[in-house]
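For reference, the structure discussed in these notes is given below.
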Amino acid sequence: MSGFIGRVGNSCVKEKLLSALNLLQFKDDDSTGVLFCNKEGQHLYRVVGKVDELVTLIPEEVDGYMGIAHTRWSTYMHQVLENVYPLSSENGYVTLVVNGLIDNIQMIKRRLVKRGYSFRSSSAVEVVANLIEDGAVENEDPLRALHRAMQQLEGDYALLAVFNGNCKKIFFAKNGVPLIIGKNHDGMVICTDYTPIADQADEYYYPNDGELGYLTSDNMVLYDGKLKQRKPSFTEVSVSEKTLELGDYPHYMLKEIEEAPGVIRRLINNYFDGTKYRFDDRLIKRIIDAGTIVFIAAGTSYNAALVGQRYLRNFNKKVDVFIASEWIFYPYQSGEDTLYVLISQSGETADILKCLRTIRAYGADVLAITNVEISTLYQSADYRLLLHAGTEVSVASTKAYIAQITLLSLLYARLVNKITTIAALERVIEALYNIISRRDTIKAIADQIYKSGDVFFLGRGFDYDVAVEAQLKLKETSYIHAEAYQGGEMLHGPIALIEENTPVIFFISDSLTVAATREVIREMRDRKANVIVCSLAPFNHDGDSFIISNPIKGYHSPITFAVFAQYLAYYCAVNLGRDVDKPRNLTKAVKDRSV
Ligand code: F6R
């Protein structure tokens with residue numbers, strides 16, 4: 001994937017720029033570059049490789065009060081240095097980093113070739129740089145040259161531009177690709193993602209499509225698409241969003257798993273005032289009035305929506321759940337009064353944003369449930385609920401899933417006016433602390449299974465929903481093949497895969513299904529599978545591997561079982577020497593390919 005960051009400050013930017021670039025770097029990124037600007041001029045370093053290699057190229061004495069940097073996974077078979085960003089225009093008038101997809105790049109390039117431009121790379125970014133240079137009029141403010149180029153570019157993009165001879169301003173333009181601008185006493189920062197800059201700013205501005213402008217060390221000057229100056233309003237971000245330090249933890253994933261009790265506490269504090277729930281009355285009325293609720297999400301967020309679906313069905317609502325990348329192609333519409341609930345940790349997943357656009361075209365209402373206030377989804381929705389999970393750095397989503405289920409359970413409790421849910425969640429917090437104190441037991445289970453080629457997770461009802469999340473977590477962090485099935489479905493085919501010692505992990509939380517599930521356990525044991533049972537105390541049997549002994553409600557069991565599954569995935573990944581926080585081929589927010 002790819003992303004960029006720029007910083008202009010009152011102090012040297014190198015350390016902050018490179019540490020953010022590191023967070024931005026996707027595991028498979030194959031090239032990165034940085035441009036520093038100082039009194040001596042511009043200093044460009046680029047490498048076909050990772051940020052670590054880039055750092056070794058930069059002489060210790062080189063720094064600056066301004067810089068831009070980029071990291072990407074290239075769409076070429078073999079990345080070459082000429083195509084690594086930042087890239088300059090032919091005469092060095094402007095240097096750029098760009099993210100996005102520009103549709104008419106070949107046409108523009110042909111035009112520039114006719115006008116005498118030659119190209120050193122096959123990159124679209126060099127074309128954009130030459131387009132800006134070509135349109136520039138002598139002594140004109142670079143802003144106008146940038147604006148002129150924007151009017152010719154077709155497609156979705158965000159870019160940063162540094163103009164030669166101007167080492168105090170970073171120019172930017174945005175159209176269809178996420179861009180976030182932050183500020184604090186030390187300067188201004190701009191990035192394609194929120195997480196890498198969460199600890200570098202106190203306030204944020206989220207530019208709209210078509211906007212452009214520039215940043216100085218203490219200000220942003222903003223223009224709309226007609227080059228009319230606009231006054232931006234920055235949003236303050238709570239301190240809880242900015243906890244990026246790893247502390248004594250070896251990995252963010254472990255740290256974030258263990259933040260789960262605090263996340264639930266924060267959600268209670270945000271959505272319950274001690275005597276009553278604090279949800280926007282407009283939202284509650286909209287849900288009550290909705291004929292159908294349609295959840296749309298991807299990955300772990302989809303798995304949380306499965307749980308949410310069960311909650312809202314109890315409220316006598318017709319509820320559907322769709323995978324975002326499917327719904328885009330088969331956008332099932334279920335009536336004019338449908339409320340679409342889009343769940344996304346990042347609020348920037350490309351498939352979700354495409355669904356958002358389609359729903360907008362229907363003129364229907366969207367409730368956004370997201371962890372990132374400064375996200376396209378949050379900013380564009382009619383109704384909004386924040387997850388308050390704090391920044392999630394690890395690519396594998398853990399605490400955000402806990403927050404999603406907790407928030408959906410609070411929302412359901414508000415709809416049915418059930419105050420006892422708060423006490424039930426207090427018990428969940430206790431149960432989570434208890435699980436955390438027994439993490440070594442889960443590690444011992446991981447030690448037993450991590451060499452397996454296949455792992456199966458089974459459950460019924462809520463237990464199935466969490467089994468789906470458990471298999472995803474294990475797969476993505478340890479690269480062990482894992483599947484989830486509804487308890488009974490195992491017998492209709494997948495059982496053929498069970499061999500001696502195949503790990504089959506059961507979740508049991510419901511009196512209604514316990515007997516039937518124990519039957520399946522017997523079948524698995526008959527086939528000498530390695531059966532691991534995770535149960536709530538009222539339904540446990542001798543020999544169950546992990547029992548949640550604190551009294552919690554069945555409808556909250558996915559929260560506790562999920563933490564068990566997250567630890568299991570974590571320890572398997574560690575045992576296998578995986579890059580836990582940045583699993584291969586994955587990125588935190590799945591966005592479209594870049595230029
Ligand atoms: C799994 C994971 C992904 C994301 C998915 C959706 O651990 O991180 O499956 O859940 O890409 O991302 P968001 O929720 O940001 O839309």
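First listed ligand is number 1; within each ligand, the first listed atom is number 1. Because only heavy atoms are used, hydrogens play no part in the values below, and waters and symmetry mates are left out as well, while side chains stay in. Along the sequence shown, the residues carry numbers beginning at 1.
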| query | Can you list the ligand 1 atoms lying under 4.0 Å from a non-hydrogen atom of V395? | reply | 8 (O)
| said: If the condition is side chain to side chain contact (heavy atoms under 4.5 Å, CB included), which residues does T338 pass it with, not counting sequence neighbours? | reply: T292, V294, S334, Y340
| remark: Quick look: T300 vs ligand 1, heavy-atom contacts under 4.0 Å, and the answer is both
| request: Could you check T421, V307, N314, D510 and say which one makes a side-chain contact (heavy atoms from CB on, under 4.5 Å) with Y555? | output: T421
| query | If you count the atoms of ligand 1 from 1 in the order shown, which ones are under 4.0 Å from a heavy atom of K473? | reply | 1 (C), 7 (O)
| message | If I apply the N/O under 3.5 Å rule, does Q404 come out as touching ligand 1? | response | no
| request: Considering the heavy atoms of S301, write down every atom of ligand 1 situated less than 4.0 Å from one of them. | output: 10 (O), 13 (P), 14 (O)
| Of all the atoms in ligand 1, which lie at a distance below 4.0 Å from a heavy atom belonging to E476? | 1 (C), 2 (C), 7 (O)
| request: State plainly whether the residues K318 and D320 are in salt-bridge range, i.e. N to O under 4.0 Å. | output: yes
| task | May I ask you to list the atoms of ligand 1 that are less than 4.0 angstrom from any heavy atom of A396? | result | 7 (O)
| Residue pair K174, E211: steps toward the salt bridge (charged side-chain N to carboxylate O under 4.0 Å, His left out) verdict | CA-CA 6 Å; K174 176 196 187 283; E211 286 185 344; over 6 Å; no
| said: Cation-pi check for F546 against R438: NZ or CZ below 6.0 Å from the six-membered ring centre and within 45 degrees of the axis, yes or no? | reply: yes
| Does NZ or CZ of R384 lie under 6.0 Å from the centre of the six-membered ring of Y378, at an angle within 45° of the ring axis? | yes
